[in-house]
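Each remark here refers to the structure printed beneath this line.
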Protein chains: 2
Amino acid sequence: MVISMYVDDRQPERIKTSEDLGKLVRKFRQSQKMTQMDILGLANTGNRFIVELEQGKPTLQLQKVLDVLDLLGLEVIIQKKGSL
Amino acid sequence: MVISMYVDDRQPERIKTSEDLGKLVRKFRQSQKMTQMDILGLANTGNRFIVELEQGKPTLQLQKVLDVLDLLGLEVIIQKKGSL
DNA sequence: GAAGATTATTACTGATCGGTAATTTTTAAT
DNA sequence: ATTAAAAATTACCGATCAGTAATAATCTTC
């Protein structure tokens with residue numbers, strides 16, 4: 001029996017800084033009711049990386065970030081500014 | 001007098017790897033008739049970074065990448081996979 | 001095919017990433 | 001308030017990032 005259902009229809013979000021990204025990842029992870037450790041299992045990374053990602057560390061390595069986003073079921077789109 | 005006009009209506013592109021990103025940056029830069037050096041001027045970075053970015057180096061630092069994209073007039077969107 | 005512009009490579013180097021694993025702090029639930 | 005789970009911090013450290021600047025390679029254009 002389904003008690004409640006979470007439909008995450010959050011709007012696509014514009015990411016300008018690593019902080020923006022961190023906040024988004026955290027919000028999304030929580031909306032999926034996942035723990036950081038859940039993610040560690042999937043990605044080949046230590047706890048430190050996830051913590052730093054969610055904290056918005058600016059120097060994280062690009063591909064690792066892309067990998068985690070992908071694992072979370074998120075996709076990255078790049079477009080001209082102001083494209084509707 | 002305007003001889004020709006370039007309307008860059010390239011579709012938003014899905015970025016899964018640093019290579020995807022590199023290719024996109026290069027294509028876009030060229031569509032804007034910019035040289036790598038034009039970008040160096042704007043961003044606070046050396047030529048090496050731009051070369052490596054366009055070559056898809058996976059370990060580039062996140063914030064630097066975001067900065068360059070912003071300077072180029074591109075925006076990064078993150079959304080749930082399959083969002084239309 | 002020469003010259004100039006653009007892009008790529010290299011060596012050098014200080015700064016820092018991030019895995020690991022242990023410890024501490026914070027949060028949540030009863 | 002206790003207690004457990006979750007998140008954050010720390011120290012250690014090998015690997016590597018990226019600026020600089022010089023050189024080399026490649027691409028254009030005449």
Side-chain angles (χ1 to χ4, degrees), chain A residues 1-6 8 10 13 15-74 76 78, chain B residues 3-6 8 10 13 15-74 76 78:
Chain A
M1 197 209 357
V2 174
I3 303 288
S4 67
M5 187 160 66
Y6 292 86
D8 181 27
R10 184 179 288 95
E13 269 186 62
I15 300 299
K16 221 168 168 176
T17 67
S18 45
E19 250 192 77
D20 294 342
L21 182 66
K23 285 181 191 154
L24 179 144
V25 167
R26 165 155 296 179
K27 275 196 307 181
F28 185 77
R29 173 177 64 78
Q30 291 174 338
S31 81
Q32 305 297 107
K33 305 238 185 285
M34 292 176 139
T35 71
Q36 291 180 346
M37 293 214 347
D38 291 334
I39 300 180
L40 300 194
L42 301 177
N44 57 340
T45 177
N47 73 316
R48 187 165 153 174
F49 184 78
I50 301 296
V51 169
E52 291 179 337
L53 170 58
E54 293 192 353
Q55 287 175 346
K57 186 175 190 182
T59 54
L60 297 178
Q61 296 186 355
L62 176 63
Q63 188 62 65
K64 272 188 218 300
V65 173
L66 293 178
D67 288 345
V68 169
L69 293 177
D70 190 47
L71 284 168
L72 286 173
L74 296 171
V76 177
I78 297 190
Chain B
I3 302 288
S4 67
M5 187 160 66
Y6 291 86
D8 182 25
R10 184 181 287 93
E13 270 186 60
I15 300 299
K16 224 171 166 172
T17 67
S18 45
E19 249 192 75
D20 295 342
L21 182 66
K23 284 180 191 154
L24 179 143
V25 167
R26 165 155 296 179
K27 275 197 305 181
F28 185 77
R29 173 177 63 78
Q30 291 174 339
S31 82
Q32 304 297 109
K33 306 236 182 286
M34 293 176 139
T35 70
Q36 290 180 348
M37 292 211 350
D38 292 334
I39 300 181
L40 299 193
L42 301 177
N44 58 339
T45 177
N47 73 315
R48 186 166 154 172
F49 184 78
I50 302 295
V51 169
E52 291 178 336
L53 171 58
E54 293 193 352
Q55 287 176 345
K57 186 175 188 180
T59 54
L60 298 178
Q61 295 188 357
L62 176 62
Q63 188 61 64
K64 272 188 216 300
V65 173
L66 293 177
D67 288 345
V68 169
L69 292 177
D70 190 48
L71 284 168
L72 286 173
L74 296 171
V76 177
I78 297 190

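Letters go in sequence order (proteins before strands), and every chain restarts at 1.
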Item to complete: Would you mind reading off the distance between Lys33(A) atom NZ and dA5(D) atom P, rounded to a whole angstrom?
Response: 19 Å

Practice prompt. Round to the nearest Å and state the distance from Gln61(B) atom CD to dA15(C) atom P.
Written response: 14 Å

Distances under 3.5 Å only, N/O to N/O: pair up the protein atoms with those of nucleotides 7-11 of chain D.
from, atom 1, to, atom 2, distance (Å)
dA7(D), OP1, Arg29(A), NH1, 2.6
dA7(D), OP1, Arg29(A), NH2, 3.2
dA7(D), OP2, Gln36(A), N, 2.7
dA8(D), OP1, Arg26(A), NH1, 3.2
dA8(D), OP1, Arg26(A), NH2, 2.7
dA8(D), OP2, Arg26(A), NH2, 2.9
dA8(D), OP2, Gln36(A), NE2, 2.6
dT9(D), OP2, Gln55(A), NE2, 2.8
dT9(D), O4, Asn47(A), ND2, 2.9
dA11(D), N6, Arg48(A), NH1, 3.1

Fill in: Nearest-Å distance for atom pair CG/P, residues Asp38(B) and dT6(C)
8 Å

Discussion item. Could you check whether atom CE of Met37(A) has more than 12 heavy atoms from other residues, nucleotides or ligands sitting under 6.0 Å from it?
Written reply: no

Fill in: Contacts of type side-chain hydrogen bond (donor to acceptor under 3.5 Å, both in side chains), residue Thr59(A), not counting sequence neighbours
none

Practice prompt. Evaluate the side-chain contact (heavy atoms from CB on, under 4.5 Å) criterion for residues Val76(B) and Lys16(A): first the C-alpha distance (whole Å), next the side-chain angles of each, then the deciding distance (0.1 Å), finally the verdict.
Written response: CA-CA 7 Å; Val76(B) 177; Lys16(A) 221 168 168 176; over 6 Å; no

Response to the item:
Applying side-chain hydrogen bond (donor to acceptor under 3.5 Å, both in side chains) to Lys57(B) and not counting sequence neighbours gives Glu52(B)

Which side-chain N or O atoms in residues 63-74 of chain B pair as donor and acceptor under 3.5 Å with protein atoms at least two apart or in another chain?
from, atom 1, to, atom 2, distance (Å)
Gln63(B), OE1, Ser18(A), N, 2.9
Gln63(B), OE1, Ser18(A), OG, 3.0
Gln63(B), NE2, Asp67(B), OD1, 3.0
Asp70(B), OD1, Lys81(A), NZ, 2.8

Shorter than 3.5 Å, N or O on both sides, protein versus nucleotides 26-30 of chain D: list them out with atom names.
none

Every protein N/O within reach of nucleotides 26-28 of chain C N/O, cut-off under 3.5 Å:
none

Item to complete: Take atom CD of Gln30(A) as the centre, draw a 6.0 Å sphere, and report whether it contains more than 12 heavy atoms from other residues, nucleotides or ligands.
Response: yes

Worksheet item: What is the distance from CG of Leu60(A) to P of dT16(D), rounded to the nearest Å?
Response: 17 Å

Item to complete: Could you tell me the separation between the CD1 atom of Ile39(B) and the P atom of dA18(D), rounded to a whole number of Å?
Response: 16 Å

Worksheet item: Tell me: CG of Leu40(B) to P of dA21(D), nearest whole Å?
Response: 13 Å

Response to the item:
Given the options Lys27(B), Arg29(B), Lys23(B), Glu54(B) meets side-chain hydrogen bond (donor to acceptor under 3.5 Å, both in side chains) only with Arg29(B)

Worksheet item: How many Å lie between CZ on Phe49(A) and P on dC17(C), as a whole number?
Response: 11 Å

Item to complete: Calculate the interatomic distance between Lys64(B) atom NZ and dC17(D) atom P; express it in whole Å.
Response: 13 Å

